[in-house]
2 protein chains.
Amino acid sequence: MNTSSGAKLAGLLLGTFDAMVDVVVAELDREGHPGVTATHAFALEAIDDGAQSASELGRSLGVSRQAAAKTIAALEELHYLDRQDDPGDARRKRLLVTARGREMMTIGARTFDALRTQAAEQVGIRALENFEEVLAILGGKSDSREASTRSS
Amino acid sequence: MNTSSGAKLAGLLLGTFDAMVDVVVAELDREGHPGVTATHAFALEAIDDGAQSASELGRSLGVSRQAAAKTIAALEELHYLDRQDDPGDARRKRLLVTARGREMMTIGARTFDALRTQAAEQVGIRALENFEEVLAILGGKSDSREASTRSS
DNA sequence: GCTCTATTGACAACCAGGTTGTCAACTCAA
DNA sequence: TTGAGTTGACAACCTGGTTGTCAATAGAGC
């Protein structure tokens with residue numbers, strides 16, 4: 001009960017994310033894509049958005065390239081991704097989203113969008129847009145190292 | 001760029017949570033509480049809020065009681081928690097937050113609140129309150145109409 | 001052309017925070 | 001008194017990260 005409003009805010013952010021992801025993962029499972037995790041979906045999205053190698057994917061996701069390589073291996077295992085030798089650089093393996101991968105992305109995006117639409121219906125599109133605006137500001141700048149030191 | 005608005009929303013939720021937690025963990029480290037994770041802080045909060053045993057903590061956090069027990073062991077290791085035999089039930093070990101634990105909670109809460117205050121200064125208190133209202137609605141119910149599998 | 005440095009992907013060991021399964025001790029209602 | 005449910009402990013395991021190391025390769029500087 002003495003939970004701070006700030007901590008409550010943080011908890012709600014995580015809880016809401018989790019709730020959305022749960023629905024999307026369940027829907028993917030239901031539509032023939034079992035075993036997909038949020039990590040997979042976001043990684044495939046990043047690859048399709050331009051990350052062309054494990055190193056690039058790691059940078060794009062903000063994780064080590066070893067972690068990215070593990071995710072890539074999992075995506076390849078699930079046939080969402082093909083790896084080909086890069087003709088211009090023998091060190092690299094180019095990443096190509098397969099048709100099945102594209103289908104998974106489509107379902108994921110559709111389900112995420114359905115959740116957002118549902119949220120808009122609950123609170124009104126105007127409130128949701130304001131919400132997203134505030135969220136972008138909050139998420140955009142995470143500096144404020146000294147903002148916390150005082151105010152004690 | 002073809003990231004769906006819904007997925008973008010989810011990504012921002014997680015990103016904002018992570019950004020907040022990073023600041024809080026860094027501040028705790030700076031103020032003499034190294035090695036504390038978000039899990040620790042939220043668990044201690046839950047214990048102080050009334051979770052009196054590993055089983056209760058697990059229920060309260062939504063994880064297995066074995067996972068809760070691991071967190072409790074970590075908190076005890078860090079001297080944030082004492083365990084005592086429950087006089088009324090020999091199966092249980094009562095959980096007591098130590099003075100140091102209380103100090104850690106205070107710093108965490110203060111830092112979380114400072115972040116929230118900072119957010120309010122950026123977007124206006126009214127916008128933040130609307131934001132939190134929408135967030136509570138979104139987080140509270142995670143049902144989807146055609147994409148629904150089960151609520152939870 | 002040669003060499004030095006940076007980058008890449010692979011591999012291994014490890015860690016944190018979860019999971020399930022199992023167990024003995026214990027409580028409590030029938 | 002007994003039997004079902006709860007509790008904490010322990011073990012094995014999984015996932016998604018981490019760091020460290022390595023050989024192969026690319027590319028710039030000379």
Side-chain angles (χ1 to χ4, degrees), chain A residues 11 14-15 17-18 21-22 25 29 34-47 50-78 80-96, chain B residues 11 14-15 17-18 21-22 25 28-29 34-47 50-78 80-96 152:
Chain A
L14 181 60
F17 171 81
D18 280 347
V21 164
D22 281 354
V25 167
D29 181 278
V36 176
T37 68
T39 306
H40 294 152
F42 282 112
L44 201 59
E45 196 87 38
I47 290 165
Q52 299 240 347
S53 66
S55 292
E56 276 182 38
L57 178 61
R59 282 190 290 268
S60 158
L61 294 179
V63 300
S64 65
R65 70 181 193 282
Q66 291 88 337
K70 284 193 189 182
T71 305
I72 287 170
L75 287 171
E76 201 181 6
E77 186 83 14
L78 292 165
Y80 291 137
L81 206 56
D82 270 340
R83 281 154 78 219
Q84 297 182 341
D85 290 341
D86 187 314
D89 187 337
R91 291 170 307 180
R92 317 182 87 197
K93 296 286 181 65
R94 288 177 57 199
L95 305 176
L96 293 173
Chain B
L14 180 60
F17 171 81
D18 279 346
V21 164
D22 281 354
V25 167
L28 281 167
D29 181 277
V36 176
T37 68
T39 307
H40 295 154
F42 282 113
L44 200 59
E45 195 88 37
I47 289 164
Q52 300 238 350
S53 66
S55 292
E56 275 182 37
L57 179 61
R59 281 191 291 268
S60 158
L61 294 179
V63 301
S64 65
R65 71 180 192 281
Q66 290 88 338
K70 284 192 189 181
T71 304
I72 287 170
L75 287 171
E76 201 180 7
E77 185 83 14
L78 292 166
Y80 292 138
L81 208 55
D82 270 340
R83 280 153 79 222
Q84 297 183 342
D85 290 341
D86 187 314
D89 186 338
R91 293 169 305 177
R92 316 182 89 196
K93 297 286 182 62
R94 288 177 58 199
L95 305 176
L96 293 173
S152 121

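All values derive from a computational prediction rather than experimental measurement.
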Closest heavy-atom contact between [X] and [Y]?
X: A46(A); Y: L57(A); value: CB-CD1, 3.7 Å
X: Y80(A); Y: L44(A); value: O-CD1, 3.8 Å
X: A74(B); Y: H40(B); value: CB-NE2, 3.7 Å
X: A68(B); Y: A54(B); value: CB-O, 3.4 Å
X: S53(A); Y: R92(A); value: OG-NH2, 3.1 Å
X: L81(B); Y: E76(B); value: O-CG, 3.6 Å

Notebook entry, point to check: Picking from dT18(D), dG8(D), dT22(C), which would you name as closest to the side chain of A67(A)?
Noted result: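 Between dT18(D), dG8(D), dT22(C), the one nearest the side chain of A67(A) would be dT18(D).
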Margin query: Of the listed nucleotides (dG9(C), dT7(D), dT19(C)), which one gets closest to any side-chain atom of V63(B)?
Written below: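 The listed nucleotide nearest to V63(B)'s side chain is dT19(C).
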Length of the [atom1]-[atom2] vector between [X] and [N], whole Å:
X: K93(A); N: dA10(C); atom1: NZ; atom2: C1'; value: 9 Å
X: R83(A); N: dG9(C); atom1: CZ; atom2: P; value: 9 Å
X: H40(B); N: dC15(C); atom1: NE2; atom2: C1'; value: 12 Å
X: Q84(B); N: dG8(D); atom1: CD; atom2: P; value: 14 Å
X: L78(A); N: dG16(D); atom1: CG; atom2: C1'; value: 15 Å
X: L57(B); N: dG17(C); atom1: CG; atom2: C1'; value: 13 Å
X: D89(B); N: dG8(D); atom1: CG; atom2: C1'; value: 11 Å
X: E77(B); N: dC15(C); atom1: CD; atom2: P; value: 14 Å

Next item on the list: Classify the nucleic acid contact of A69(A) as base, sugar-phosphate or nothing, counting any heavy atom under 4.0 Å across all strands shown.
Entry: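 Nothing: the residue A69(A), judged by heavy atoms under 4.0 Å, touches no strand.
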Next item on the list: Have a look at T39(A) and say if it touches a base, only the backbone sugar-phosphate, or nothing, with a 4.0 Å heavy-atom cut-off.
Entry: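 Sugar-phosphate contact only.
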Notebook entry, point to check: If you round to the nearest 0.5 Å, how far is CD of E45(B) from CG of L61(B)?
Noted result: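 Output value for this atom pair is 11.0 Å.
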So does [X] get a side-chain nitrogen or oxygen closer than 4.0 Å to the phosphate oxygens (OP1/OP2) of [N]?
X: S64(B); N: dT19(C); result: yes
X: T37(B); N: dG17(C); result: yes
X: R94(A); N: dG9(C); result: no
X: S53(B); N: dT7(D); result: no

Check: Taking for each residue the nucleotide of DNA chain C with the nearest heavy atom, is it G88(B) or K70(A) whose nucleotide lies nearer the 5' end?
Finding: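 Closest to the 5' end, via its nearest nucleotide, is K70(A).
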Next item on the list: Show your reasoning for whether side-chain contact (heavy atoms from CB on, under 4.5 Å) applies to V63(A) and T71(A).
Entry: CA-CA 11 Å; V63(A) 300; T71(A) 305; over 6 Å; no
Note to self: Counting distance alone, no hydrogens or angles: does the base of dG8(D) have a donor or acceptor under 3.5 Å from a partner atom on the side chain of R65(B)?
What the structure shows: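 Side chain to base: pair found, below 3.5 Å.
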Item checked: Pair of N/O donor and acceptor under 3.5 Å linking dG16(D) base with Q66(A) side chain ->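 Flag unset: no donor-acceptor pair detected.
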Item checked: Residue closer to the 5' end of DNA chain D, A68(A) versus E56(B) (nearest nucleotide) ->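 Checking each residue's closest nucleotide, the 5'-ward one belongs to E56(B).
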Please tabulate the protein-to-nucleotide N/O contacts below 3.5 Å involving nucleotides 2-7 of chain C, giving atom names and distances.
{"unit_1": "dT7(C)", "atom_1": "O2", "unit_2": "R91(A)", "atom_2": "NH1", "d": "2.8"}

